[in-house]
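Atoms within each ligand, like the ligands themselves, are counted from 1 in listed order. All heavy atoms count here, side chains included; hydrogens, waters and symmetry mates do not.
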Amino acid sequence: MIDPDTVLALDIGGTKMLAALVRGGVVLETHKMPTPRGGNPEQWLEALFTAITSWQGRYATAGAAVTGIVDQGFWSALNRNTLDLPDRFPLAETVARLSGVPVLAANDAQAAAWGEYRFGAGQNEDMVFLTISTGIGGGIVVNGKPMLGLAGHFGQFRVAEDVAGTLEDQVSGRWIASRAKDHHPGATARDVFAAAATGSSWAKDIIGASARQTAQLCRNIHLALDPPRIVIGGGIGLATGYLDAVRQALEDLPPRLKPQIHAAALGENVGVVGIADLAKNHQRGERT
Ligand code: BMX
């Protein structure tokens with residue numbers, strides 16, 4: 001018997017793919033696997049659905065939260081370094097075919113923003129969400145509604161005319177790992193945080209540089225949107241000491257200009273929880 005309130009939720013990021021059965025904001029079951037570095041989105045989705053074959057018949061709706069831009073169900077990369085995929089991949093159509101149920105697709109950070117708004121640190125108040133992860137993603141909830149399309153793609157901001165690349169190319173997990181190569185060849189961002197935890201000054205400097213850029217972004221978001229709070233998640237955002245370093249960089253601002261930084265409450269499940277609620281609302285005809 002299919003439970004009409006159980007949703008199959010997918011979260012495909014630059015590093016991992018997560019599938020979950022979600023009901024009323026609660027994650028019932030999960031399956032996680034690395035995002036393949038080769039192949040194409042159809043192969044990635046087929047591999048994921050093969051792994052969750054036993055879930056067939058247990059969900060009535062599906063949601064897909066993905067890194068990149070989603071326009072009318074078509075998926076494209078904005079930064080191919082975060083995840084390289086062909087332009088306008090028919091994401092919603094493919095997931096509908098593989099799942100056999102109606103599908104809603106959205107950007108991963110936009111879905112996460114909704115998850116934190118509804119069930120996490122957002123407390124059902126308007127907010128901005130940032131994920132500092134493989135890239136930098138963002139989501140905005142204003143007047144109780146999620147902004148979709150391109151909205152929230154803060155990682156694509158340009159830092160300065162004479163600085164090549166995007167903001168995420170100077171801040172995210174990929175950048176942290178790249179800056180470590182002279183000290184620890186082949187290091188991942190996780191290795192850099194581990195080195196910082198043991199007192200390595202080079203590692204602390206790299207993390208500090210990333211956190212200061214994130215603080216600058218939060219300051220600009222505060223001036224642009226004046227949200228009651230900025231909720232930060234992602235593997236880097238929630239790494240030990242990172243948010244403290246961001247808050248430290250904002251310490252000297254006058255109170256009215258200082259963004260209120262909160263840690264995301266839902267951890268790595270935030271994307272699946274958010275897209276599940278959006279998909280259910282969409283299926284019920286509520287404008288998301
Ligand atoms: C990039 C962009 C965003 C995404 C963000 C975080 C691509 C493929 N992705 O800025 O859409 O939200 O990375 O992605 O252009 P994550 O995989 O690190 O969560």
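- With sequence neighbours excluded, no residue satisfies ring-ring contact (aromatic ring centres under 6.0 Å, His included) with Y59.
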I'd like a table of donor-acceptor pairs (distance under 3.5 Å, sequence neighbours excluded) in which one partner is a side-chain atom from residues 192-209, with atom names and distances.
{"unit_1": "T198", "atom_1": "OG1", "unit_2": "A195", "atom_2": "O", "d": "2.7"}
{"unit_1": "S200", "atom_1": "OG", "unit_2": "A195", "atom_2": "O", "d": "3.2"}

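- Clustering of Ile, Leu, Val, Met, Phe, Trp and Tyr by side-chain heavy atoms under 4.5 Å joins L78 with I69, L150.
- Classification of K258 and D252 as a salt-bridged pair fails, no side-chain N sitting under 4.0 Å from a carboxylate O.
- Note on R229 versus E116: no salt bridge recorded, every NZ/NE/NH1/NH2 to OD/OE distance being 4.0 Å or above.
- Salt bridge annotation for R23-D3: present, with a cationic side-chain nitrogen under 4.0 angstrom from a carboxylate oxygen.
- Within 4.0 Å of ligand 1, protein heavy atoms belong to G13, G14, T67, G68, A77, L78, N79, T82, L83, N107, D108, S133, T134, G135, I136, G137, H153, Q156, E168, listed by chain and number.
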